[in-house]
Trainee: 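I am attaching a structure below and will ask some questions about it afterwards.
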There are 2 protein chains.
Amino acid sequence: MQSRREFAAASPYSSRMRILIADDHPLFRGALAQAVRTVAAGAQIEEVGSFDAALAELAAYPHTDLVLLDLHMPGSHGLMALATLRAEYPAVAVAMVSAHDDVTTVQRALVHGALGFISKRSSLDELQAALRTVLAAQTWVPPPLREDLSSHPPALAERHLAARLAALSPQQMRVLVLVADGLLNKQIADRLGVQERTIKAHLSAIFERLDVRNRTQASVLLRSLELADPAQRLDP
Amino acid sequence: MQSRREFAAASPYSSRMRILIADDHPLFRGALAQAVRTVAAGAQIEEVGSFDAALAELAAYPHTDLVLLDLHMPGSHGLMALATLRAEYPAVAVAMVSAHDDVTTVQRALVHGALGFISKRSSLDELQAALRTVLAAQTWVPPPLREDLSSHPPALAERHLAARLAALSPQQMRVLVLVADGLLNKQIADRLGVQERTIKAHLSAIFERLDVRNRTQASVLLRSLELADPAQRLDP
DNA sequence: CCACCTACTGGACGATCGTCCGATGCAGGA
DNA sequence: TCCTGCATCGGACGATCGTCCAGTAGGTGG
């Protein structure tokens, strides 16, 4: 799949590996951390429960080796979180973690730069195997899906979309995310601490790279990374 | 669930029932038509393979009694097709038909005005029971999901979204769809055969009813009806 | 009949958008 | 070192957006 930069397997001679676990389910997050400790004894593990917290953690420690990113958590709009993270930290490997492990979703995650896709329905053995694989900078997908994935290449439109989004610089991606929230240029400028003029310059570049004509079309492209959230029952 | 108008069960004394089957899979479409013929002998059945064709058919025969609408077909962006159809023909009952029958999707379809949800994985007996139910203007959902659906009410945000979108007039919905495609006001005006001034007036009303401030936020709302398409492999 | 909604249109106006020209400083790769 | 990309900013300008004021016409239901 397309990747901005090759991931390097963490060398045993280097400093301790740093692994960030981002999942809003504390129990599963803990189980994930325990599994990581089992397969990578010396790893330094951080746990967060929201996408914003994950971004903050990465901002503090940009040299993180691997992020285990839940597909559905507060602030992460499906694959938008993956794209944001890939734009901001191209050198950081990201493995998606989700129970929503249908072929198309896994395929989309890989196309958009995920190193692997770990199913939450994995057994402990499988989970550990998955972690060993991604820690060695190898792609992992749930075994039952491998045949389907290899026989059905991703849609051309999806790869095209991924290529266009991957062409954006980190700041451009930040601007695009805010545009897709419906903010005005002035508001985006204030949010990012720059002049409105700068936002306009970014937008012109964004439109050119995404091959669109206005902000609405650009946000449609980004929003297409949104996935239907299978667990959006906030109303008891 | 919310509905603009109550559906009336087709009276046996009235003229023949008119049923529109919209599904891009010819085989399943035929099977569906056969099942309809079995449970409603005298019904007049029309079959189309795209959402645009469905709209054209309804434009020609607005007095259709029931539409069996595939969730994933060319031109229908997930639940956007349902919303469009409900806005245009509030009196026409719509039953969604899909193999993508997870609880959340079914629930969203009902919230957005579907009379029922028929799973493509149904047996022939179940399919006929489902058709009899929706033809009697009763809600149908796949039996395995009924317990889940009754115990988990839909998200407040989803109902709020549905209420706002259902408040739009047919023409306003048409405008919104084109806005969400990134078209300029002038382009929308040309497409609908009116003045740009009129589009602006519609947009002001749309923004007020959707409680948003600009076209980008409005298109985000509409696009949230989009579902991840499980079968978007166009690339052999 | 009248109130109400829908659809369409007009003038005017400020706000916002997006692009054209240009510029600077900085970091990283060839 | 040179070159490219990134990020920032400026002026100017036309295009577009969105709202304020207003009006006409048709259909529907109480």
Side-chain angles (χ1 to χ4, degrees), chain A residues 4-6 59 62-63 84 86-91 164-221, chain B residues 4-6 59 62 86-91 164-221:
Chain A
R4 294 152 187 274
R5 220 175 279 184
E6 290 305 315
H63 55 291
T84 303
R86 294 290 300 142
E88 194 78 31
Y89 306 98
R164 285 187 285 178
L165 289 175
L168 297 184
S169 72
Q171 188 76 328
Q172 286 169 357
M173 180 61 81
R174 281 189 287 266
V175 171
L176 178 57
V177 167
L178 296 176
V179 163
D181 271 345
L183 272 63
L184 304 177
N185 288 344
K186 185 69 174 73
Q187 295 174 306
I188 299 173
D190 291 346
R191 194 77 70 91
L192 297 182
V194 298
Q195 296 301 313
E196 180 181 357
R197 184 64 193 78
T198 306
I199 302 301
K200 289 187 179 184
H202 281 309
L203 276 176
S204 290
I206 291 172
F207 296 157
E208 186 181 3
R209 297 196 181 182
L210 295 186
D211 192 28
V212 299
R213 268 111 222 125
N214 56 51
R215 58 177 52 219
T216 304
Q217 291 179 347
S219 39
V220 167
L221 276 197
Chain B
R4 294 152 186 270
R5 220 175 279 185
E6 291 305 314
R86 294 290 300 141
E88 194 79 31
Y89 306 97
R164 286 187 285 178
L165 288 176
L168 298 184
S169 73
Q171 187 76 329
Q172 285 169 356
M173 179 62 81
R174 280 189 288 265
V175 171
L176 178 56
V177 167
L178 296 176
V179 162
D181 271 345
L183 271 64
L184 303 178
N185 288 344
K186 184 71 175 73
Q187 295 174 307
I188 299 173
D190 291 346
R191 193 78 71 92
L192 297 182
V194 298
Q195 296 300 314
E196 179 182 357
R197 184 64 193 78
T198 307
I199 301 301
K200 289 187 180 184
H202 281 308
L203 276 177
S204 290
I206 290 171
F207 296 158
E208 185 181 3
R209 297 196 182 183
L210 296 186
D211 191 27
V212 298
R213 268 109 222 126
N214 56 50
R215 58 177 53 220
T216 304
Q217 292 179 346
S219 33
V220 167
L221 276 197

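Naming: A, B, ... by sequence-line order, numbering from 1 per chain. Remember, it's a predicted structure, so these values are computed and weren't measured experimentally.
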Trainee: Rounded to whole angstrom units, what separation is found between the NE2 atom of B/H202 and the P atom of D/dC17?
Mentor: 15 Å
Trainee: Taking only the side-chain nitrogens and oxygens of A/T198, find out if one of them lies under 4.0 Å from OP1 or OP2 of D/dC9.
Mentor: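 Yes, such a contact exists.
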Trainee: For A/R215 and D/dG18, what is the distance between atoms CZ and C1' respectively, to the nearest whole Å?
Mentor: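 Whole-Å distance recorded here is 14 Å.
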Trainee: Report the distance from atom CZ of A/R209 to atom P of D/dA7, rounded to the nearest whole Å.
Mentor: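 One finds 8 Å between P of D/dA7 and CZ of A/R209, rounded.
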Trainee: Looking at the side chain of A/V194, which of C/dC8, D/dT8, D/dT16 is the nearest nucleotide?
Mentor: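 When the side chain of A/V194 is considered, D/dT8 is the closest of C/dC8, D/dT8, D/dT16.
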Trainee: Of the candidate nucleotides D/dT8, D/dC9, C/dA7, which contains the atom at the shortest distance from the side chain of B/P170?
Mentor: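 Comparing D/dT8, D/dC9, C/dA7 against the side chain of B/P170, the answer is C/dA7.
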Trainee: Using the 3.5 Å cut-off, write out each protein N or O paired with an N or O of nucleotides 19-22 of chain C and the distance between them.
Mentor:
residue : atom : partner : partner atom : Å
C/dT19  : OP2  : A/S204  : OG           : 2.8
C/dC20  : N4   : A/R197  : NH2          : 2.8

Trainee: Measure from CD on B/E196 to P on C/dG11 and round the result to the nearest Å.
Mentor: 13 Å
Trainee: Distance check: side-chain N/O of A/N185 vs OP1/OP2 of C/dT16, anything under 4.0 Å?
Mentor: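 Looking at the OP1 and OP2 atoms of C/dT16, neither is under 4.0 Å from any side-chain N or O of A/N185.
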Trainee: D/dT16 C1' sits how many Å from A/L184 CG, rounded?
Mentor: 14 Å
Trainee: Just N and O in the side chain of B/Q171: are any of them under 4.0 Å from OP1 or OP2 of C/dC8?
Mentor: yes
Trainee: Over how many whole Å does the gap from B/L192 atom CG to C/dT6 atom P extend?
Mentor: 17 Å
Trainee: Check whether any side-chain nitrogen or oxygen of A/R174 sits under 4.0 Å from OP1 or OP2 of D/dC6, and answer yes or no.
Mentor: no
Trainee: Would you tell me if any nitrogen or oxygen in the side chain of B/S169 comes within less than 4.0 Å of OP1 or OP2 on C/dC5?
Mentor: no
Trainee: Rounded to whole angstrom units, what separation is found between the CD atom of A/Q195 and the C1' atom of C/dA23?
Mentor: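 Interatomic distance, CD of A/Q195 to C1' of C/dA23: 15 Å.
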